Amino acid sequence: METHVALVVLVGLPGVGKSTVCKNLSSYVNGKCEGQKVHYIHVCYDELIPLSAQERFAQLKQCGEEMRHSANENWKTARRNVHSKVDQLVECLKSKNLNDFVLNFFNLSNKIIQEEALYVVLLDDNFYYRSMRYEYFQLARKHTVGFCQLYIECTTEIAVQQNLQRETRVPTAVIEAMAGKLQPPLPSEHSWESATYILQVDNLEELYSTWNMIYKCFTSPVLQLEDRELEVAESRLECSRSVAHQADIYLRSLVGQVIRESLSKGNMGSDELSVLSRTVNAGRQSLLADVRSGTLLFPPNLAKVVNDSNREEFQCILEYELRKRLRE
């Protein structure tokens with residue numbers, strides 16, 4: 001099976017050279033691959049969510065509880081918007097159907113999907129939590145397109161030094177905090193991370209192996225799950241009662257969050273609010289049932305226990321799954 005779309009997730013601290021790699025890749029292939037045109041679509045989070053806005057989010061997190069909550073919600077909303085647009089972009093590329101609103105969001109000409117080509121979507125962000133990357137793996141599975149990860153390995157000290165040399169800098173404290181949270185790809189533990197290539201920060205021009213990995217994505221797209229009986233059985237054995245209990249607690253708080261978001265968008269009558277409340281709670285109950293039965297498959301590090309080190313990843317997956325159900 002083949003596809004003409006590949007999602008490439010770049011992982012690494014600010015300042016390690018992710019955007020440089022994106023530019024180098026484009027020059028390396030030079031738009032051609034065995035007689036076929038290659039389009040690189042650079043999805044740079046720092047352009048779509050400006051650093052000035054990211055800095056405001058960070059500043060608000062230093063304030064009171066209410067301001068921290070507001071900052072977290074604004075940050076998550078901004079990232080969800082990018083994810084949603086990438087979802088729609090992949091649909092455009094796969095179906096060859098124009099969506100001017102989405103193309104304008106990424107500053108792309110509508111001519112880009114009117115020709116036969118390979119499309120490499122470079123997702124340029126830090127992606128320090130595994131759950132952030134997992135969302136795009138799920139997106140690749142949804143559309144049956146290629147998926148791989150490019151991890152730029154670098155010490156915190158070098159990242160800080162290189163960041164200070166950039167025109168637009170990330171606060172050093174942000175880099176240091178992110179370094180403590182960074183979850184590097186672990187292909188040996190997470191099968192969905194198997195297509196991962198590690199680049200050393202001092203050798204960003206070594207692109208032969210990088211391109212080979214990307215090119216393989218076109219012939220090995222992520223397939224939708226069909227026969228899940230064995231996976232479900234294994235997941236059911238691993239998923240403990242404690243994990244289901246943690247999911248229940250978080251999903252209850254998430255229901256309130258989703259309802260508040262809808263209320264903030266404008267006037268909503270009592271009947272509309274009642275319908276919304278029933279819909280969101282039905283989604284929560286359905287998702288919780290899948291957690292308890294093992295139908296919802298968690299990565300191995302989350303299937304047995306939820307603790308401080310993996311709680312945010314666990315919550316990100318639950319939020320992604322709930323919002324997906326509400327969109328269906």
Side-chain angles (χ1 to χ4, degrees), residues 45 48-88 101-102 105 125-136 138-139 142 174 177-178 181 242-292 296 298 302 306-308 310-328:
Y45 271 66
L48 300 174
I49 310 175
L51 285 173
S52 58
Q54 296 183 41
E55 191 168 353
R56 285 198 301 274
F57 296 159
Q59 290 171 349
L60 288 172
K61 288 181 180 180
Q62 307 303 317
C63 302
E65 180 66 31
E66 185 174 344
M67 297 298 285
R68 284 200 300 274
H69 177 76
S70 175
N72 283 330
E73 292 313 306
N74 290 338
W75 182 72
K76 289 180 180 179
T77 298
R79 295 186 64 85
R80 281 198 298 269
N81 183 47
V82 175
H83 182 274
S84 175
K85 294 299 188 300
V86 173
D87 187 355
Q88 295 173 60
F101 179 71
V102 172
F105 182 83
D125 187 42
N126 307 299
F127 289 108
Y128 53 95
Y129 283 129
R130 186 167 291 107
S131 57
M132 295 173 175
R133 299 166 341 232
Y134 186 69
E135 287 184 344
Y136 282 101
Q138 293 282 61
L139 193 60
K142 171 184 176 181
V174 172
M178 194 178 295
K181 299 177 180 179
S242 173
V243 170
H245 178 65
Q246 292 290 329
D248 188 20
I249 293 173
Y250 178 65
L251 287 172
R252 288 178 185 277
S253 68
L254 190 55
V255 165
Q257 176 184 317
V258 171
I259 292 175
R260 286 194 298 272
E261 287 177 4
S262 298
L263 288 172
S264 68
K265 293 178 181 177
N267 295 328
M268 179 178 289
S270 58
D271 290 342
E272 293 176 298
L273 179 59
S274 178
V275 170
L276 174 64
S277 179
R278 287 198 299 271
T279 301
V280 178
N281 272 292
R284 175 188 70 83
Q285 292 170 1
S286 170
L287 180 53
L288 185 60
D290 284 350
V291 172
R292 287 171 171 160
L296 176 63
F298 287 107
L302 297 174
V306 178
N307 51 39
D308 291 341
N310 63 14
R311 192 178 310 281
E312 186 156 354
E313 180 182 1
F314 177 71
Q315 293 177 348
C316 282
I317 291 175
L318 288 174
E319 181 173 354
Y320 169 80
E321 290 291 337
L322 178 62
R323 291 183 183 277
K324 183 176 71 172
R325 291 170 192 232
L326 295 178
R327 290 194 298 267
E328 293 175 346

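In this text the structure is predicted, and so the values were computed from the model without any measurement. Only heavy atoms go into these numbers, but all of them, side chains included; no hydrogens, no water, no symmetry mates. FYI, the numbering just counts along the sequence from 1.
- Inter-residue side-chain proximity for Y320 and H83 is flagged as met; some heavy-atom pair is nearer than 4.5 Å.
- Within the structure, salt bridge (charged side-chain N to carboxylate O under 4.0 Å, His left out) pairs that include any residue of residues 272-288 comprise D248-R284 (at least two apart or interchain).
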Please determine whether side-chain contact (heavy atoms from CB on, under 4.5 Å) holds for the pair I259 and L273, giving the CA-CA distance in whole Å, both sets of side-chain angles, and the decisive distance to 0.1 Å. CA-CA 8 Å; I259 292 175; L273 179 59; 3.8 Å; yes
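- Shown here are the side chain to side chain contact (heavy atoms under 4.5 Å, CB included) partners of Q315, two or more places apart in sequence or in another chain: Y250, R311.
- When all heavy atoms of I317 and S131 are compared, the closest pair comes out as CG1-CB, 4.3 Å.
- N126 contributes atom CG, which lies 8.0 Å from atom CE of M132 (distance to the nearest 0.5 angstrom).
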task = Apply side-chain contact (heavy atoms from CB on, under 4.5 Å) to the pair D290 and R325, showing each step before the final yes or no.
result = CA-CA 12 Å; D290 284 350; R325 291 170 192 232; 2.7 Å; yes
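- Side chains of L318 and L296 form a contact here, defined as non-hydrogen atoms less than 4.5 Å apart.
- L251 places none of its side-chain heavy atoms less than 4.5 Å from the side chain of Q285.
- For the side-chain hydrogen bond (donor to acceptor under 3.5 Å, both in side chains) test with Y129, the passing option among E313, E312, E135 is E312; the others fail.
- By the 4.5 Å heavy-atom criterion applied to side chains, V243 and F314 are counted as neighbours.
- With sequence neighbours left out, D87 forms a side chain to side chain contact (heavy atoms under 4.5 Å, CB included) with L139, K142, H143.
- Here the CD-CZ distance, from E319 to R80, works out to 5.0 Å after rounding to the nearest 0.5 Å.
- A pairwise comparison of heavy atoms in A244 and V291 identifies CA-CG1, 4.0 Å as the closest pair.
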- Task: Carefully, step by step, assess R79 and D125 under the rule side-chain contact (heavy atoms from CB on, under 4.5 Å).
- Result: CA-CA 10 Å; R79 295 186 64 85; D125 187 42; 2.8 Å; yes
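- Rounding to the nearest 0.5 Å places CZ of R292 at 10.5 Å from CG of L287.
- The distance from atom CG of L276 to atom CD of E261, rounded to the nearest 0.5 Å, is 10.5 Å.
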